[in-house]
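Structure, as structure tokens:
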Number of protein chains: 2
Amino acid sequence: MAGPSTTSDEILRCARSLLIEGGYNGFSYADIAKVVGIRNASIHHHFPSKSDLVRTLIARYREEAEAGLAHLERQFTNPADRLRAYVSYWQACIADASAPFCVCALLASQIPVLPEEVILEVRAHFRTLSAWLSSVLESGARQGSLHFTGTAKAEAEAFMASVHGAMLSARAYGDAKMFGVITHPLLERLATRH
Amino acid sequence: MAGPSTTSDEILRCARSLLIEGGYNGFSYADIAKVVGIRNASIHHHFPSKSDLVRTLIARYREEAEAGLAHLERQFTNPADRLRAYVSYWQACIADASAPFCVCALLASQIPVLPEEVILEVRAHFRTLSAWLSSVLESGARQGSLHFTGTAKAEAEAFMASVHGAMLSARAYGDAKMFGVITHPLLERLATRH
DNA sequence: CTGCGTATACCTACTAGTAGGTAGGTTGTC
DNA sequence: GACAACCTACCTACTAGTAGGTATACGCAG
């Protein structure tokens, strides 16, 4: 799946993990250069400015996210299973600390100090994810496997907010299990008729 | 209520609003100095280091938060009303943009790059808030006005996560109403027997 | 009431280090 | 020889933080 990772790829991968740790102003070109093993200035050859780098990084993140959701749809046909798989994916990411936070959720918290072009990408991710969750909830409600009051759209926003809040709590408490403590009852409730 | 605000107070107040906008690395001493109308170096007289400043800022924030919750308990005796008032408070803060994010929730997202002493304060706030919500939910369940499956502790964590996630979504979409879209059904569900 | 010490609050001037970014040169490959 | 990828060397602006000076206010002894 992964090709012969280029320097540009390595810069993006490194920047992503630094971004997940401390946000937009939490890392510098020097940090990346140190890890990738090139000079500070060489990063500018691939990405003229920091906002270019981050915008590209998010664009790739969004591609991967959409591919992940598509994969998940092929793997599971049941809407409830799709939601469970989505949550399990993040539970695993948080537990093994490989990517313990959604890049866009983290950047969203710093929107007032972000370059406009980055904000647009972040917002687009929120819309994409919300739309996907909404469609899953919608089909689950139609076939009677998922239960909620109100619209699928509203429930999708609430679901997404809970997942993001769960990431935050897991980080705040320094306890990966907290993510599951918050999300499992949520899945349980959606799967139960009441 | 507010005394003759000192320079130290102004620094803290200014730093808080800058912190809410862009996190720990999103503001500098120069930013504060510009707003407060003193020189960069003068801030060090009141707060030797940035971590001192932020730690003090959070300590005060936590005091205000606890006072706010205590006030809210005096104002409302019904647990459901207390939850509603808590949510309404944040809805108002977000709507008028006075403080559109919880200081500790924002800092929690950047925990990996925060000074240890700041992390401890942030974590303490999460515990305080969770404990308060837990006690409200507990008493609501006992008297039959709030309904949920599972423990009050788990429901409190889920509630807190939803509120934090709702702040994030409101910021991401640039739409204060999103906070209500997410939190109202949550309150509704807790107040309804099912 | 004066004069003296002391503490607070602020200042100017400075430091070392880092930020993102640029100019222009070198190397290797098609 | 053109281009990509990377380099050295440099820039300006800014970072948190320090050193040392000044003005003002308060308490207190004479």
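Values reported hereafter were calculated over all heavy atoms of this structure, with side chains retained and with hydrogens, waters and symmetry mates removed. Chain letters run A, B, ... following the sequence lines, proteins first, then strands; residues in each count from 1.
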Output a table of nitrogen or oxygen pairs between the protein and nucleotides 25-29 of chain C separated by less than 3.5 Å.
none

Shorter than 3.5 Å, N or O on both sides, protein versus nucleotides 14-18 of chain C: list them out with atom names.
none

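A donor-acceptor contact shorter than 3.5 Å is absent between the side chain of B:Arg171 and the backbone of A:Ala108. Between the side chain of A:Gln110 and the backbone N or O of A:Tyr24 there is at least one donor-acceptor pair closer than 3.5 Å. Formation of a donor-acceptor pair under 3.5 Å by the A:Gln91 side chain with backbone atoms of A:Gly180 is found in this model. Side-chain N or O atoms of A:Ser109 include one that pairs as donor or acceptor with a backbone N or O of A:Leu106 at under 3.5 Å. A:Glu21 places no side-chain N or O within donor-acceptor distance of the main-chain N or O of B:Pro112, the cut-off being under 3.5 Å.
Considering B:Thr7, B:Thr6, B:Ile11 in turn, B:Thr6 is the only one that fulfils the side-chain contact (heavy atoms from CB on, under 4.5 Å) rule with B:Asp9.
Annotation: proximity of residues 34-49 of chain A to DNA chain D (heavy atom, distance under 4.0 Å) is found for A:Ile38, A:Arg39, A:Ala41, A:Ser42, A:His45, A:His46, numbered in ascending order. Of the residues in residues 18-26 of chain B, not one comes within less than 4.0 Å of DNA chain D through any heavy atom.
A:Glu64 has no carboxylate O lying under 4.0 Å from a charged side-chain N of A:Arg60, or vice versa, which leaves the two without a salt bridge.
If you measure from atom CD1 of A:Ile11 to atom C1' of D:dC6, you get 11 Å, rounded to the nearest angstrom.
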Walk me through it: do B:Asp175 and A:Arg123 pass the test salt bridge (Lys or Arg N to Asp or Glu O under 4.0 Å)?
CA-CA 11 Å; B:Asp175 178 9; A:Arg123 197 168 287 158; over 6 Å; no
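Closest to the side chain of B:Thr7, out of C:dA19, C:dG20, C:dC10, is C:dC10.
When hydrophobic clusters are built by joining Ile, Leu, Val, Met, Phe, Trp and Tyr residues whose side-chain heavy atoms come closer than 4.5 Å, directly or via intermediates, A:Leu53 is not grouped with A:Val35.
Under the ring pair (Phe, Tyr, Trp, His ring centres under 6.0 Å) criterion, A:Tyr61 pairs with A:His125, sequence neighbours left out. Listed by chain and residue number, A:His44 satisfy the ring pair (Phe, Tyr, Trp, His ring centres under 6.0 Å) test with A:Tyr29 (two or more places apart in sequence, or in another chain).
Between the side chains of B:Glu66 and B:Trp132, not a single donor N or O lies within less than 3.5 Å of an accepting N or O.
Within 6.0 Å of atom CD in B:Gln143, more than 12 heavy atoms from other residues, nucleotides or ligands are found, so the atom counts as buried in its surroundings.
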